[in-house]
Amino acid sequence: MIDLKLLQKDFDAMSAKLSRKKVDTSLIADLKKKNEELKKAKTEFETLQAMQNSMSREFGIYKKEGRDVSELKEKVDANKINIAAALEMQRERQEELETLAMSIPNMPDDNVPDGADENDNIEIKKVLAPREFTFTPKEHWELAEQNGWIDFERGVKLATSRFSVSFGMGAKLERALINFMLNFNSKRGFEEVSVPVIVNRNALKGTGQLPKFEDDLYKIDSQELFLIPTAEVPVTNLFADEILEESQLPIKMTAYTPCFRKEAGAAGRDTRGMIRQHQFHKVELVAITTPQTSDKVFDEMLACASDILTALELPHRLVTLCTGDLGFSAARTVDIEVWLPGQNTYREISSVSNTRDFQARRAKIRYKDGDKNSMVHTLNGSSLAVGRTLVAIMENFQNEDGTITIPKVLEPYLGI
RNA sequence: GGAUCUUUGGCAGAGUUGGUCGAAUGCACCGGUCUUGAAAACCGGCGAGGGUUAUACCUCCCAGAGUUCGAAUCUCUGAGGGUCCA
């Protein structure tokens, strides 16, 4: 959530930043107005409540002294009606404010480039040169089927479209990649955690998926529970509602989970193959830091993801997302795109974001900052999306006859 | 699924004949005295959110609803945890 105090203090700066993310200034103005109205309603209610409290205390004293309370009771009863009305007013205001505030995205960092969509993203650097092919490289679904690694039809039979099944070496490679990535991240100082893949509404509010993006989530009908769209949700919320010691920070974690996304609005995109599935494996990095160290940890996370690809000998590039392509919670994001020779293009395989204090404010993750409590910074990044890594391996390591060479670093994980 | 108990501040743990309890006490933590330094001892401070220049004041004792002038304390519902039964 954006900082309402800051909004009150420096409306212009804030609305200028948010307008870069295409948030209408009138919305921000409305938010400010609602905040002021809430304050007013609160003051009104609290004044009445204070009256009530002091009269009640008096009441106790009267009783003890055996004095007549009938007159006092009349006053108190009359006041009660006013309190009820004031409380109702306050509640309405609160709800209005919250609904609006929770649906406003984070402010982009100042150095995030302006832009409309992914075409305006800015490449930072390329790592490893794409291999020269002496034949026309195939796309991964062709290779996957030819090698018997992935069965798309049977996935559909079991569930619905955008589900697949991995067999044999395909399945083994997924497992190998997960282990390889987790170990790699551990060596970089990220503690491994294993978390629930079903979470409640509150957790999703904390990281920003709710209330705005409920359509993208798989919900368990009978309960207010959802399948996670990313491990970022449970891992970041691990410390929700807590006040951490500064000495604990930064907390750096890595987790493997399956992820579930409805992909609402993605109709027609990447319908073939396993680029865009409803269920996929992902190894995630999450960090909770002080504001002073979040940029440094961001670089560590980015390096970690990029180095995994380098270790796998996969050509990739780093791209700074422009304001138009930035996610709801992110203040800054760098994507890593892996080279797919079959598609002759770079495709996203990782996304590292700093949300600054946006999630921290929603999830109430704070730390002892001297003698006061301050919001932490939270960061998350994939390292990496497992299915897409497998796709990249297939396309980059394919041979002319359609067989696929296994990257050397994975051999120990495959019992080879 | 049934019965029963339980849910308090970072942790442990008082507080259940409703009233000045935001909450004893211990530990942890912070500051000070003492010490060459540390430990011990002693003194002081120490939950969170809102609000204020600062006070005042408001809210929070799992969540929600209720009874009452007044609830951590009583009632109901729900959630988490324990034990027993099936």
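Reminder, nothing fancy here: chain letters follow the sequence lines and each chain counts from 1.
Where A/Arg91 and A/Lys368 meet RNA chain B, the nucleotide closest to each residue was compared, and A/Lys368 sits on the side nearer the 5' end.
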Polar atom pairs (N or O), protein with nucleotides 8-11 of chain B, under 3.5 Å:
none

Please produce a list of atom pairs where a protein N or O lies less than 3.5 Å from an N or O of nucleotides 16-21 of chain B.
{"residue": "B/G19", "atom": "N2", "partner": "A/Ser56", "partner atom": "O", "Å": "2.7"}

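The pair A/Glu300-A/Lys296 meets the salt-bridge criterion, with a side-chain N (NZ, NE, NH1 or NH2) lying under 4.0 Å from an Asp/Glu carboxylate O. Between A/Arg201 and A/Glu214, at least one side-chain nitrogen of the basic residue sits less than 4.0 Å from a carboxylate oxygen of the acidic one, meeting the salt-bridge criterion. Look at A/Asp270 and A/Arg276 and you find a salt bridge, because one of the NZ, NE, NH1 or NH2 atoms lies within 4.0 Å of a carboxylate O, short of that distance.
The side chain of A/Asp77 approaches B/C69 more closely than any other nucleotide in the set B/C58, B/C69, B/G47.
Taking atom C1' in both B/C57 and B/A63, the straight-line distance is 26 Å, to the nearest Å. A distance of about 10 Å separates the P atoms of B/G22 and B/U59, rounded to the whole Å. Taking atom P on both B/U73 and B/U8, the two are 13 Å apart, rounded to the nearest angstrom. On the C1' atoms, B/A54 is 39 Å away from B/A40, given to the nearest whole Å. Separation of the P atoms belonging to B/C5 and B/U77 is 13 Å when rounded to the nearest angstrom.
There is no side-chain donor-acceptor pair under 3.5 Å between A/Thr345 and A/Gln343.
Rounded to whole angstrom, the span from the CD atom of A/Glu246 across to the C1' atom of B/C30 amounts to 14 Å. Atom C1' of nucleotide B/G49 and atom CZ of A/Arg361 are separated by 14 Å, given to the nearest angstrom. In this structure, A/Leu97 atom CG and B/G49 atom P are separated by 18 Å, rounded to whole Å.
Pairing for B/G9 is absent, judged as Watson-Crick or G-U wobble with the two contacts each under 3.5 Å. A 3.5 Å limit on both hydrogen-bonding distances identifies B/G45 as the Watson-Crick or G-U partner of B/C29. Checking B/A24 for Watson-Crick or G-U wobble geometry (two distances, each under 3.5 Å) identifies no partner in any strand. The partner of B/U53, taking Watson-Crick or G-U wobble pairs whose two distances both stay under 3.5 Å, does not exist in any strand shown. The partner of B/A39, taking Watson-Crick or G-U wobble pairs whose two distances both stay under 3.5 Å, does not exist in any strand shown. Nucleotide B/C69 forms a Watson-Crick or G-U wobble pair with B/G19, both donor-acceptor distances falling under 3.5 Å.
A pairwise comparison of heavy atoms in A/His140 and A/Gly273 identifies NE2-CA, 3.3 Å as the closest pair. Taking all atoms of both residues into account, the shortest heavy-atom contact from A/Ile104 to A/Leu31 is CD1-CD2, 3.8 Å.
A/Lys364 comes within 4.0 angstrom of nothing in the nucleic acid, heavy atoms only. Residue contacts shown for A/Asn79 are absent, as no nucleic acid heavy atom lies under 4.0 Å away. Here A/Lys42 lies in heavy-atom contact (under 4.0 Å) with sugar-phosphate atoms only.
The side chain of A/Asn53 contributes an N or O atom lying less than 4.0 Å from OP1 or OP2 of B/U59. A sub-4.0 Å separation between OP1 or OP2 of B/U59 and a side-chain N or O of A/Gln49 is present.
Classified by interplanar angle (parallel below 30°, tilted 30° to 60°, perpendicular above 60°), the ring pair A/Tyr256/A/His281 is tilted.
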